[in-house]
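To start, the structure under review is shown below, and the notes come after it.
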Amino acid sequence: CALQGDPVFTETSTKSNDPGQCAYYQYDITRSWTATDKCGNSTVAEQIIHIVDTTAPAPLETISDLILDCGEEIPDSIINFNDGCSIANVIFHQQSGFDPDPNHCAHYTYDIDRQYIATDLCANTATFTQHISVRDTLAPEFLASDSLTVPCMDSLALLGIIKSLILDNCSDSILLAIHTIQTNDSLQCTEGILFTYGIDVQDICGNQALDTLVVRMLDQIPPVLINPATNVAIDCPDFNSDTDSLFTSWLSNMGGSQA
């Protein structure tokens, strides 16, 4: 027997012409070959090719959990996704425990949970999550050395100076307590008075630091006369025991002056 001419080839496809449809990426191709001999006997061979999209979109960068210090920058939430066939539609959700009030610890210590749901045109879906922990774990830091020299002042003014020498990496709000451990009142004016203070400082999240500070207070301000001394006149010929007593009393009373 012999063939009646060449086999007849046909091909059909279910592919869509619209790249915005799944059928543009997932479709069937049907191929057939029909061979006929000279006696009119025919045989058909058929091939079906399935083009499928079964892979979900994937991020172009690694999405990983993070632990950040409160002073570190939080990474942007925008992440690009790629699909091997079509475009990716991404739905983003975020929950944060951040408190906008800087007087609360949750302004510096909180958690962020992010979720990305990526879906291509053929409904292949993948979900990616990211957990970000923001923490304030460092106690306030003393910027002063072990000793400090200041002029004489009251405890409230001294507290303000000590507080200005303390720095926290997150918050400006700190709780400061000082107590006197030792006092050494020198007889030498140039040496001043030595105070040894115990310092207890906490930030708003309870991170605590303890230290000691020696403060030397110097009396550097001269007295101010409120009332000047009154003059006294003594006639030398009349200088007697009463006059002497009067003069001695005037001296002991500093002439009636007040400072």
Side-chain angles (χ1 to χ4, degrees), residues 56-83 87-120 125-150 153-182 195-216:
L60 293 178
E61 55 192 90
T62 302
I63 301 177
S64 57
D65 294 342
L66 299 173
I67 299 177
L68 302 177
D69 182 79
C70 58
E72 294 185 87
E73 183 178 357
I74 297 175
D76 195 275
S77 62
I78 298 176
I79 294 180
N80 295 316
F81 283 76
N82 179 58
D83 187 69
I87 60 174
N89 178 47
V90 180
I91 298 175
F92 173 70
H93 298 284
Q94 176 172 291
Q95 290 183 334
S96 174
F98 174 76
D99 189 330
D101 189 345
N103 294 315
H104 293 166
C105 178
H107 188 82
Y108 313 97
T109 293
Y110 55 94
D111 294 319
I112 299 173
D113 287 298
R114 293 172 172 174
Q115 182 185 65
Y116 302 84
I117 303 174
T119 305
D120 64 16
T125 301
T127 300
F128 301 87
T129 60
Q130 181 183 45
H131 182 79
I132 301 175
S133 298
V134 181
R135 294 291 180 263
D136 177 7
T137 58
L138 297 178
E141 179 183 2
F142 294 94
L143 301 181
S145 59
D146 294 335
S147 62
L148 184 66
T149 300
V150 297
M153 61 181 64
D154 58 29
S155 58
L156 186 62
L158 179 61
L159 192 67
I161 291 179
I162 295 177
K163 191 171 183 178
S164 70
L165 299 174
I166 296 174
L167 178 66
D168 187 66
N169 65 318
C170 295
S171 170
D172 293 331
S173 178
I174 59 173
L175 179 64
L176 174 64
I178 62 174
H179 62 278
T180 304
I181 297 177
Q182 183 178 356
F195 296 91
T196 302
Y197 293 104
I199 300 177
D200 181 346
V201 60
Q202 295 184 42
D203 64 19
I204 205 164
C205 288
N207 299 301
Q208 183 183 40
L210 302 174
D211 204 347
T212 57
L213 179 66
V214 176
V215 177
R216 183 187 301 274

Would you sort out whether Val134 and Ile74 count as a side chain to side chain contact (heavy atoms under 4.5 Å, CB included), showing the intermediate values? CA-CA 9 Å; Val134 181; Ile74 297 175; 4.2 Å; yes

Start with the C-alpha distance between Ile161 and Leu159, add both sets of side-chain angles, then the distance that settles side chain to side chain contact (heavy atoms under 4.5 Å, CB included), and finish with yes or no. CA-CA 5 Å; Ile161 291 179; Leu159 192 67; over 6 Å; no

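Between the side chains of Asp200 and Gln208, at least one donor N or O sits under 3.5 Å from an acceptor N or O. A donor atom on one side chain and an acceptor atom on the other are found under 3.5 Å apart for Ser133 and His131.
Within the structure, side-chain hydrogen bond (donor to acceptor under 3.5 Å, both in side chains) contacts touching residues 69-80 (residues at least two apart or in different chains) are Asp69-Asn169.
Atom CD1 of Ile87 is surrounded by 12 or fewer heavy atoms from other residues, nucleotides or ligands within 6.0 Å. Within a 6.0 Å radius of CD in Glu61, more than 12 heavy atoms belonging to other residues, nucleotides or ligands are found. Enclosure of atom CG in Leu210 by more than 12 non-hydrogen atoms of other residues, nucleotides or ligands within 6.0 angstrom is indicated. In Leu165, the CG atom is crowded: over 12 heavy atoms of neighbouring residues, nucleotides or ligands sit closer than 6.0 Å.
The shortest side-chain heavy-atom distance between Ile204 and Asn103 falls under the 4.5 Å cut-off. Residues Phe92 and Arg114 have side chains in contact (heavy-atom distance under 4.5 Å, counting atoms from C-beta outward).
In this structure, CG on Leu213 lies 8.5 Å from CD1 on Ile178, to the nearest 0.5 angstrom. Put simply, OG1 on Thr109 and CG on Asp136 are 5.0 Å apart, with the number rounded to the nearest 0.5 Å.
For Asp111, the salt bridge (charged side-chain N to carboxylate O under 4.0 Å, His left out) partners at least two apart in sequence or on another chain are Arg135.
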Would you be so kind as to tabulate the donor-acceptor pairs closer than 3.5 Å made by side chains of residues 170-177, with sequence neighbours excluded?
from, atom 1, to, atom 2, distance (Å)
Ser171, OG, Ser173, N, 2.8
Ser171, OG, Ser173, O, 3.4

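Separation of the Tyr116 and Phe128 ring centroids does not fall under the 6.0 Å cut-off. Within the 6.0 Å centre-distance limit, the rings of Phe98 and His107 are counted as a close aromatic pair.
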